[in-house]
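First the proteins, then the strands, lettered A, B, ... as listed; each starts at 1.
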Amino acid sequence: MDLTEILYQRFGYRNFRTGQEQIIEDVLEGRDVFAMLPTGAGKSMCYQLPVYAGASPVLIVSPLVSLMEDQVQQLKSSGEKRVVALNSFQDFEMRRSTLRNLSEYVFIYVSPEILQNKIVKETLKKIRFQLMVIDEAHCISQWGHDFRTDYLKLGDIREELGRPPLLALTATATAEIREDIISQLHMSNPSCHVYSVDRPNIAIKLEKLNSIEEKVKAIHHYANRLQGPGIIYFSSRSWADKMAKELESCGVGRVASYHAGLDQEDRLLIQQQFLNDELSVVCSTNAFGMGINKRNIRYVIHFHPPSTFESYLQEIGRAGRDEKRGIAIHLYTAEDEFLPLSFIESELPNHNQISRLMNNVSTRIGKRLTQKQYESEGVPLGLTETAWRYIYHKLEVHGIVQNDVIMNFQLDDKISRILDETERRKNEKIVKWVRFKSWLEEDRCRRKGLLEQFGELPVTIDPCCDYCGLTLKRYDKITAKEEKQVEGIIDWKDELSRMLGVQKEENSEKSTG
DNA sequence: CGTGGTTAGCTTAAGCTAACCACGGTGCGTTAAT
């Protein structure tokens with residue numbers, strides 16, 4: 001059957017979006033494919049459609065449980081019942097019955113971690129996958145080296161599964177990261193589909209301020225005047241909490257804070273409320289966003305800086321998915337420099353910690369070294385959990401630990417090699433942050449500077465950024481309303497809620513403010 | 001860098017202050033002990 005025909009019959013679309021058709025064709029040819037499509041460009045279609053053209057079953061590696069559950073729900077509601085996610089949402093009994101009947105499914109979602117489970121892996125090996133997908137593949141580079149090291153084992157897993165064709169999908173990867181992903185996954189002669197990361201409908205504004213108080217003031221100013229809904233990013237949970245309370249009490253509308261300190265239930269609730277337009281603003285840490293498929297986010301403000309260009313692009317890319325205009329505002333002060341640096345310090349072990357831990361390990365050859373031992377080995381050395389996992393992974397890579405057991409090894413040689421690698425890793429991270437920091441301080445077109453990082457040529461668009469001239473008025477609440485009236489556009493959501501007698505936030509806000 | 005918690009040390013011995021220091025952000029899976 002013709003691909004366009006499947007697209008229409010299965011998904012109800014007449015036309016492919018940019019890149020989709022070529023990517024799907026390569027996937028169906030059984031090639032390894034690396035695809036970089038801008039946020040919100042319909043990446044999941046690239047593996048969903050092939051299933052109905054014969055590339056079935058498919059194994060999808062996804063970074064977040066909530067993301068998996070989302071995709072499962074979406075596919076189910078579109079009438080596909082042969083879809084399942086293997087993760088900690090399932091209790092023991094459910095997992096057992098899923099594993100027993102695994103061959104009945106055509107879409108199997110998994111986390112990188114659960115692929116390390118022996119029973120899961122053995123069961124998956126019996127299935128002849130026609131395609132393996134790494135969704136949000138930048139996680140390999142962003143998290144795999146320290147935070148979630150199981151991401152670096154995906155290449156081996158793929159071999160163990162009989163080397164099915166691989167599709168890596170992401171929205172943001174610099175040339176370096178693209179190379180890292182391709183090599184980590186052992187992709188062979190991949191067909192690369194790399195599209196512009198630029199989101200022309202998002203204007204960029206950088207604002208240098210002198211103190212944190214000025215930043216707070218600016219947040220109030222923008223939250224009051226800008227057309228929402230919006231996301232404000234912070235680098236600490238306490239700031240997110242604090243500003244959410246403050247903004248709500250100042251009549252901005254309903255504001256929630258979101259971070260990993262909340263329990264799963266609250267996180268889900270806030271996501272749902274935001275999606276349903278019941279919140280004007282979400283104040284969050286970088287925990288919020290991945291998989292948030294909300295089309296009408298109008299602004300993203302950074303109260304604190306992310307530490308890489310990719311993170312920044314991911315975060316601002318959540319605005320304006322409906323193709324209408326959005327704005328990204330970054331507030332910057334001199335002291336912001338220290339937070340990203342302290343994160344880098346804390347996620348990688350230092351010289352002293354590495355050599356002391358390895359000396360200790362060398363005295364216990366033949367014994368087990370398990371993650372549980374972090375309490376007795378890592379904590380006294382002041383290692384964070386991430387730093388501990390990093391070392392553990394290094395010990396595995398260097399063959400010092402095999403199946404949790406400590407092997408005989410050349411202490412001095414291994415120490416110096418692991419120290420070298422760690423030093424290099426730390427430098428890479430610092431360089432990335434310094435590059436981002438200098439972008440914040442440069443006196444030139446923001447968009448050009450941003451696109452250069454991704455190997456793209458300058459473009460001219462309007463409105464572009466504060467350097468190229470930007471009228472904020474276009475993003476104001478009032479303007480958005482006036483325009484609707486002038487252009488005679490009916491906002492169907494507004495209209496519908498009026499008909500149903502639902503009191504909208506915007507209206508109630510006026511009476512209080 | 002800024003913040004928040006802890007503690008030493010002071011003095012109308014119970015509560016205050018100043019000095020000091022640790023910490024700050026991402027998620028998976030799993031299990032032992034009530």
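Residue contacts for A/Gln90: at a heavy-atom cut-off of 4.0 Å it reaches no nucleic acid atom on any strand shown. Backbone-only contact: A/Ile114 has heavy atoms under 4.0 Å from sugar-phosphate atoms and none from a base. Here A/Pro340 lies out of heavy-atom contact (under 4.0 Å) with every strand. When heavy atoms are screened at a 4.0 angstrom cut-off, A/Asp336 is found touching no nucleic acid atom at all. Within the nucleic acid shown, A/Arg389 comes within 4.0 Å of at least one base atom, counting heavy atoms only. A/Asp150 comes within contact range of no nucleotide atom at all, as no heavy-atom separation falls under 4.0 Å.
Taking 90° from 0 as the syn/anti boundary, the base of B/dA19 is oriented anti.
Phosphate proximity of B/dT30 to A/Asn117: present, with a side-chain N or O under 4.0 Å from OP1 or OP2.
Surrounding CG of A/Asp263 are more than 12 heavy atoms belonging to other residues, nucleotides or ligands, all under 6.0 Å away.
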Could you run down the sub-3.5 Å N/O contacts of the protein with nucleotides 22-25 of chain B?
| residue | atom | partner | partner atom | Å |
| --- | --- | --- | --- | --- |
| B/dG25 | OP1 | A/Arg237 | N | 2.1 |
| B/dG25 | O3' | A/Thr285 | OG1 | 3.2 |
| B/dG25 | O6 | A/Phe343 | O | 3.3 |
| B/dG25 | O6 | A/Ser346 | OG | 3.3 |
| B/dG25 | O6 | A/Glu347 | OE1 | 3.4 |
| B/dG25 | N1 | A/Glu347 | OE1 | 2.9 |

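Near DNA chain B, meaning a heavy atom under 4.0 Å away, the residues from residues 136-144 of chain A are A/Trp143.
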Base-pair map of DNA chain B as dot-bracket, where | denotes pairing with a different strand and pairs are Watson-Crick or G-U under 3.5 Å: ((((((((((....))))))))))..........
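Contact of the A/Tyr222 side chain with the A/Glu207 side chain is registered, since non-hydrogen atoms from C-beta on lie closer than 4.5 Å.
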